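A short worksheet on the structure shown next.
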Number of protein chains: 2
Amino acid sequence: MKDVGVDVVSAQPVEALTADRVAVALRAAILQGHLMPGTRLKDVQLAAQFQVSRNTLRDAIRQLTSDGLVTTQLHIGSAVRILTEDDARDIYAVRRALETAAILGSSRATREQLTSISRAVNLASDANHNSRWRDVGTASLEFHQALVGLCGSPRLDAFFANILAQLRLVFSVMPDESEFQFEWVARDAQLASLILAGRRADAAAELDRYLESSEALIIDAIRASRAKAFPRRDSALIEGQTIQ
Amino acid sequence: MKDVGVDVVSAQPVEALTADRVAVALRAAILQGHLMPGTRLKDVQLAAQFQVSRNTLRDAIRQLTSDGLVTTQLHIGSAVRILTEDDARDIYAVRRALETAAILGSSRATREQLTSISRAVNLASDANHNSRWRDVGTASLEFHQALVGLCGSPRLDAFFANILAQLRLVFSVMPDESEFQFEWVARDAQLASLILAGRRADAAAELDRYLESSEALIIDAIRASRAKAFPRRDSALIEGQTIQ
DNA sequence: TTGCCTTTATTGTTGAACAATCTCTAGTCT
DNA sequence: AGACTAGAGATTGTTCAACAATAAAGGCAA
């Protein structure tokens, strides 16, 4: 039985609902790839692993479901969500809408918002030089999160964080994340410089090209991983751990 | 003890989680103003009303909390959320971002998306002529929902529906919704005609003015209702049904 | 009045139990 | 053999009763 990180639960602050702490731990396990898409989430098993009641664990799963990281079918159960090509397209539609809006409205950005942008870019660059590719990926996502942060809207921030979490879920089925990310660091930096220079129209155009290529690459990767997952129609599923 | 709509629960389709049905019923009760902002949601009491276990009712409340319609404090309890001035400003920031993005990207809208826009405008106009002001309000909100629908993104649609639900929560504390809405029907129609004519820049500008006035009006109303709710510092709360 | 203690109500969490439903296997029939 | 049916087993959905933990309310003394 795979360990999913019970320590993460106890590491959470005490002044929080147990279900929330479990949800945080489960979310981390999913986003770090310890629970691959398609993995069944059986409540009894997970409740035992997290040393938590079945009820509270179901609460946690419910949260992840509303976050779009888990699918639940009545009387069939929950599983880590398998994001389809359409989902990826939708995610990029959201990115286009929000990030463009952020850039176009960046005229009234505060100094802190702008510095958090450059900080994310620097982090990505550092990680890139040190060949820490996982950190490159997260830093790049943080850059785009900071981008949306230009809107200054907590609700948009929370929503976009959720969207990026789903995007990470797409990443987790990719062959290897290593050389996948490094191309984007330079483009992130260029985008940031355009924004900081106040050249909003140019930045918006560059963002559009950026998202175009990124989306195309990811959709290709999804198709490849799907072809790999289902080479023939009669291939048996391993251990019955996946549904759909 | 006020009835909150048990029939709404049993009216839901059977092939759904009980907690979901309760959540739908509770959400309706909140948005229709049967449960005013600040009302405590005690789980035992509500569980009895809905003839449902305490556990599942807590599940429902959890959903509404993640939807932003209910606030929950550890060991203190849940209550219908009281949206502040800052919340209203944030909601309008989201509206600006999403509706503007929808208009600017409306060049590749489908015929169905455009017809759903005109349909919402017509509904609002009809309701306005028949002086059914509550319907006017909902139709107007549906119009703006259809506007965001131009993006063709299910995720944006769901998020925006949630935002509009919170906006309705703000409306529910307004003095009277009657003459409040009728002004906007004409502007909705104008906005729609600009969009249907493909004059996107003009539509975006009009939308900006629209949201500006709407936000100002609502913030004024919030201040007024706050002043009315707390006329003096030592006024006693009625029945202890409100917190914060 | 202020501060402290006790009571009380409400919430947070658990474990066991039961019903409902799906899945898989075995067997039966044609 | 192949298709259909029945039933066992597993998993989920829901409930209930209980207990612990905490916050709010009330009483008492200084």
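Because the structure is a prediction, the values reported are computed rather than measured. First the proteins, then the strands, lettered A, B, ... as listed; each starts at 1.
A:Gln145 places a side-chain N or O within 3.5 Å of a backbone atom of A:Asp157 that can act as its donor or acceptor partner. In this structure, A:Gln113 contributes its side chain and A:Ala146 its backbone to no donor-acceptor pair below 3.5 Å. Within the 3.5 Å criterion, the main-chain N or O of B:Arg155 finds a donor-acceptor partner in the side chain of A:Asp90. Formation of a donor-acceptor pair under 3.5 Å by the A:Ser140 side chain with backbone atoms of A:Gly137 is not found in this model.
Side-chain contact of A:Thr56 with A:Thr18: a donor-acceptor pair under 3.5 Å is absent, judged by distance alone. No side-chain donor from either of B:Thr138 and B:Asp135 sits under 3.5 Å from a side-chain acceptor of the other.
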Spell out protein contact along nucleotides 14-23 of chain C as letters: B when the base is contacted, S when just the sugar-phosphate is, - when no protein heavy atom is under 4.0 Å; keep the 5' to 3' order.
BB-B---SS-
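Here C:dA9 presents its P atom at 21 Å from CD of B:Gln73, a figure rounded to the nearest Å. Rounded to an integer number of Å, the gap from CD of B:Gln45 to C1' of C:dA9 is 13 Å. The separation between A:Asp59 atom CG and C:dG12 atom C1' is 11 Å, rounded to whole Å.
First and last contacting nucleotides of DNA chain D toward chain B (any atom under 4.0 angstrom from a heavy atom, 5' to 3' order): D:dG13 to D:dA24.
Nearest heavy-atom pair across A:Val94 and B:Ser153 is CG2-OG, 3.5 Å.
Residue contacts for A:Ile61: at a heavy-atom cut-off of 4.0 Å it reaches no nucleic acid atom on any strand shown.
With respect to A:Arg27 and A:Asp20, no salt bridge is recorded, no charged nitrogen being found less than 4.0 Å from a carboxylate O.
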